[in-house]
Amino acid sequence: CALPIYFNLDEQLLLVARTTAHTPRAERDVARFSGLGEHAGVWLAIGVVGQAVDSPRRRGWRRATAAVAGVYALNTAIKLVGRRRRPQLPGLPQLTSTPTQFSFPSAHASTSFAGALCYSRLGVPALPLYTLAVGLSISRLYLGVHFPSDVIAGAVLGTAVGGCVRRVQRHPGEGTG
């Protein structure tokens, strides 16, 4: 079975993601994992827990959580204005449902990168946060619901919004850096 040749790099990269390492179990597991990022859920939960357990930095946690919620709202607005349709690869249906039919930018990527940046500034180790962010972002390609450019744009948007949040104290008594 010869696959159609795509001249669009976005489609070529998406085709690789949609045809590499796919088994029924892997697809179920990735879809379940990707669900953690739906509506910024896991990132908002991390922020709420941070506010509850880290009282010296509660204000910073509130600000960081608000940034995640804010980038989700901004991402949604951009999708409604841009109206880029989700990918449609012949013979490769999307492997999960989505809240909208629009794909640009990826909300999983924008909220993930905003959360990873903001929460790492609060002292949470960056490696696991960014590992989660990258994993959630890549899951959207594997599931066929975003083009790579959607994910890259989402990561840039999330990093930009997260970068605008005023640096918060890493430890009580330290400056705001």
Side-chain angles (χ1 to χ4, degrees), residues 9-10 13-14 16-17 20-21 26-79 96 98-99 103-177:
L9 181 59
D10 236 6
L13 294 173
L14 178 60
V16 169
T20 302
E27 290 174 354
R28 279 191 310 274
D29 291 347
V30 171
R32 200 173 2 254
F33 170 70
S34 189
L36 295 172
E38 204 63 54
H39 306 291
V42 70
W43 299 103
L44 294 172
I46 291 169
V48 168
V49 170
Q51 290 174 56
V53 302
D54 188 4
S55 59
R57 289 182 285 236
R58 186 168 289 133
R59 184 171 150 209
W61 280 104
R62 269 196 305 270
R63 192 177 307 131
T65 306
V68 170
V71 79
Y72 180 75
L74 177 59
N75 190 93
T76 301
I78 293 169
K79 277 185 179 176
T96 191
T98 58
S103 69
F104 183 87
S106 165
H108 276 65
S110 64
T111 57
S112 291
F113 280 84
L117 177 56
C118 291
Y119 299 155
S120 67
R121 285 182 170 174
L122 286 161
V124 178
L127 182 61
L129 291 172
Y130 279 100
T131 299
L132 178 59
V134 169
L136 287 171
S137 298
I138 290 173
S139 76
R140 308 309 280 171
L141 301 175
Y142 183 90
L143 297 170
V145 295
H146 280 292
F147 290 104
S149 60
D150 300 334
V151 171
I152 292 167
V156 168
L157 176 64
T159 300
V161 170
C164 289
V165 175
R166 197 178 77 133
R167 279 192 167 261
V168 294
Q169 293 178 327
R170 283 190 167 270
H171 303 286
E174 278 189 9
T176 58

Taking atom [atom1] of [X] and atom [atom2] of [Y], what is their separation to the nearest 0.5 Å?
| X | Y | atom1 | atom2 | result |
| --- | --- | --- | --- | --- |
| T96 | E27 | OG1 | CD | 11.0 Å |
| I138 | R140 | CD1 | CZ | 13.0 Å |
| S106 | H146 | OG | NE2 | 3.5 Å |

Can you name the nearest heavy-atom pair linking [X] to [Y], along with the distance?
| X | Y | value |
| --- | --- | --- |
| A114 | V68 | C-CG2, 4.4 Å |
| F147 | L141 | C-CD2, 3.6 Å |
| S103 | V145 | CB-O, 4.0 Å |
| Y142 | A26 | OH-CB, 3.3 Å |
| L13 | P148 | CB-CG, 3.6 Å |
| T20 | V16 | OG1-O, 2.7 Å |

When you compare the side chain of [Y] with that of [X], does any pair of heavy atoms fall below 4.5 Å?
| X | Y | answer |
| --- | --- | --- |
| L74 | I78 | yes |
| L122 | R63 | no |
| L132 | W43 | yes |

Task: Working for side chain to side chain contact (heavy atoms under 4.5 Å, CB included), residues D150 and K79 - done: CA-CA 10 Å; D150 300 334; K79 277 185 179 176; over 6 Å; no

[X] side chain to [Y] backbone, donor-acceptor under 3.5 Å:
| X | Y | result |
| --- | --- | --- |
| T131 | L127 | yes |
| S120 | L117 | yes |
| S139 | L136 | yes |
| S110 | A107 | yes |

- [ ] Could you walk me through whether H108 and V151 pass side chain to side chain contact (heavy atoms under 4.5 Å, CB included), step by step?
- [x] CA-CA 8 Å; H108 276 65; V151 171; over 6 Å; no

Open item on the list: For a side chain to side chain contact (heavy atoms under 4.5 Å, CB included) check, start with the C-alpha distance between V42 and F33, then their side-chain angles and the critical distance, and finish with the verdict.
Closed with: CA-CA 10 Å; V42 70; F33 170 70; over 6 Å; no

TODO: May I ask you to decide if the ring planes of Y119 and W61 are parallel, tilted or perpendicular, using 30° and 60° as cut-offs?
DONE: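 Correct class here is tilted.
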
- [ ] Please test N75 against T111 for side chain to side chain contact (heavy atoms under 4.5 Å, CB included), starting from the C-alpha separation and ending with a verdict.
- [x] CA-CA 9 Å; N75 190 93; T111 57; over 6 Å; no

